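Chain naming here is simple, since letters A, B, ... match the order of the sequence lines and numbering starts at 1 in each. On a predicted model such as this, the values are computed, not experimentally measured, just so you know.
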There are 2 protein chains.
Amino acid sequence: MRIGELAEQAGVSTRALRYYEEQLLLSPQRTSGGQRVYPETAVGRVKIIRQLYAAGLSSRLIAELLPAIDARSMEPELLDRLSAERARIEAKAAELQAASRRLEVLIGLATHPDTESCPASLDPGPSGARRDNSPTSGVGTDAELPSLRRVPAYST
Amino acid sequence: MRIGELAEQAGVSTRALRYYEEQLLLSPQRTSGGQRVYPETAVGRVKIIRQLYAAGLSSRLIAELLPAIDARSMEPELLDRLSAERARIEAKAAELQAASRRLEVLIGLATHPDTESCPASLDPGPSGARRDNSPTSGVGTDAELPSLRRVPAYST
DNA sequence: CTAGAACTTGACGTCGGCGTGAAGTGCAAG
DNA sequence: CTTGCACTTCACGCCGACGTCAAGTTCTAG
């Protein structure tokens with residue numbers, strides 16, 4: 001199959017496919033005229049690639065990972081790097097959830113009628129799964145936000 | 001106080017402070033010579049800005065948010081956008097966690113001795129808090145990954 | 001007065017995963 | 001042969017929050 005068909009079947013753009021090839025994730029054959037020819041298996045392969053991208057992996061790491069998946073065999077060192085990546089992704093997810101909780105507090109302050117003087121420390125607190133205290137580009141000590149109330153919203 | 005001192009006290013770079021000003025998040029006064037002069041309150045303000053950045057907000061949204069925080073009063077429309085932002089951040093966090101679970105599966109496949117023919121569907125499944133089925137730049141239908149085993153690692 | 005630290009504006013670099021032309025070539029149908 | 005779509009390579013654009021020179025100015029201590 002050629003690039004257009006693969007793009008459609010895999011649900012990606014032709015530009016993306018050429019980019020993947022540039023990143024050595026795909027190695028299609030060529031016709032005598034220079035056009036790319038992919039095997040049927042390429043559809044699944046592209047989907048796997050998308051999965052790995054969606055997992056936050058860089059094209060570099062994916063390029064190293066794919067041969068291992070093909071060979072059904074992984075070097076321990078690569079396995080370690082994969083674990084490290086997963087840890088980073090987990091940390092990022094946790095950070096985002098903490099951020100979401102902070103926003104939730106802020107929204108709550110503006111949504112509720114001013115319920116007492118709620119101490120809005122905007123500190124997410126250790127409510128999640130924080131294993132380490134790595135920097136994670138930390139936002140230092142937390143600042144306080146003043147209380148908010150919703151504006152009456154005149155009859156617009 | 002001048003920019004260097006503020007930078008140190010707030011824990012950011014002077015470049016960042018100038019960038020914040022460019023984004024209309026800060027509006028310091030100037031000396032006759034043109035140097036920036038910040039009030040003491042700027043320290044807290046910068047920390048709040050950092051919090052909002054950490055919450056995944058864009059400088060554009062922060063710029064609209066800060067006056068509301070200053071005025072302790074928020075327009076409902078702005079509140080809605082804030083909620084939408086929070087929803088997006090939540091979705092992103094959930095997506096990352098799903099990705100992390102996928103990686104965990106992949107790592108597990110390579111780590112365990114080949115425990116039976118475990119059907120590695122790499123489907124995160126509904127194990128988390130997925131409220132909606134919004135696109136979230138979805139990776140379409142899930143692909144299968146073959147099983148893996150760890151390579152013996154010769155005595156290196 | 002002078003050294004030099006701290007400051008100023010300006011502008012280009014970064015990182016990644018593509019989007020989006022531009023200009024030319026391959027291929028199948030009528 | 002010709003139309004015309006799919007394809008090719010090349011290469012710049014983009015987004016965002018700054019980092020990082022570069023060259024000039026201001027402030028402060030001695």
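Side chains of Arg45(B) and Asp70(B) form a contact here, defined as non-hydrogen atoms less than 4.5 Å apart. A heavy-atom distance below 4.5 Å is found between the side chains of Leu25(A) and Tyr53(A). In this structure, Thr14(B) and Leu6(B) have side chains that are not in contact, with every pair of non-hydrogen atoms separated by 4.5 Å or more. Under the 4.5 Å side-chain criterion, counting only non-hydrogen atoms from C-beta, Ile48(B) is not in contact with Ile62(B).
When DNA chain C is scanned in the 5' to 3' direction for atoms under 4.0 Å from non-hydrogen atoms of chain A, the outermost contacting nucleotides are dG17(C) to dC27(C).
When rounded to the nearest whole Å, the span between CZ of Arg36(B) and P of dT26(D) equals 14 Å. If you measure from atom CD of Glu21(A) to atom P of dC7(D), you get 13 Å, rounded to the nearest angstrom. Atom CD in Glu22(A) sits roughly 11 Å away from atom C1' in dA11(D) (whole-Å rounding).
Distance CD/Glu95(A) to CZ/Arg88(A): 12.0 Å, rounded to 0.5 Å. From Asp80(B), atom CG reaches atom CD1 of Ile107(A) across 9.5 Å, with rounding to the nearest 0.5 Å. Atom CD of Gln23(B) is separated from atom CG of Leu66(B) by 12.0 Å, given to the nearest 0.5 angstrom. Rounded to the nearest 0.5 angstrom, Glu90(A) CD and Arg101(B) CZ are separated by 8.5 Å. The structure places CD of Gln97(A) at 11.0 Å from CD1 of Ile89(B), a figure rounded to the nearest 0.5 Å.
DNA chain D is contacted by both Arg2(A) and Arg2(B); Arg2(A) maps to the nucleotide lying nearer its 5′ end (nearest heavy atom per residue). Comparing Ser58(A) and Gly33(B), the nucleotide of DNA chain C nearest to each residue sits closer to the 5' end for Gly33(B). If you find the closest nucleotide of DNA chain D to Arg60(B) and to Gln35(B), the one lying nearer the 5' end belongs to Arg60(B).
A heavy atom closer than 4.0 Å to some atom of DNA chain D occurs in Arg30(A), these being the qualifying members of residues 24-32 of chain A. Residues from residues 3-19 of chain A with heavy atoms under 4.0 angstrom of DNA chain D, sorted by number: Ile3(A), Gly4(A), Arg15(A), Arg18(A).
Counting heavy atoms of neighbouring residues, nucleotides and ligands inside a 6.0 Å radius, atom CD of Glu22(B) exceeds 12 of them.
Salt bridge status for Arg81(B) with Glu77(B): present, with a side-chain N to carboxylate O gap under 4.0 Å.
The side chain of Ser59(B) contributes an N or O atom lying less than 4.0 Å from OP1 or OP2 of dA17(D).
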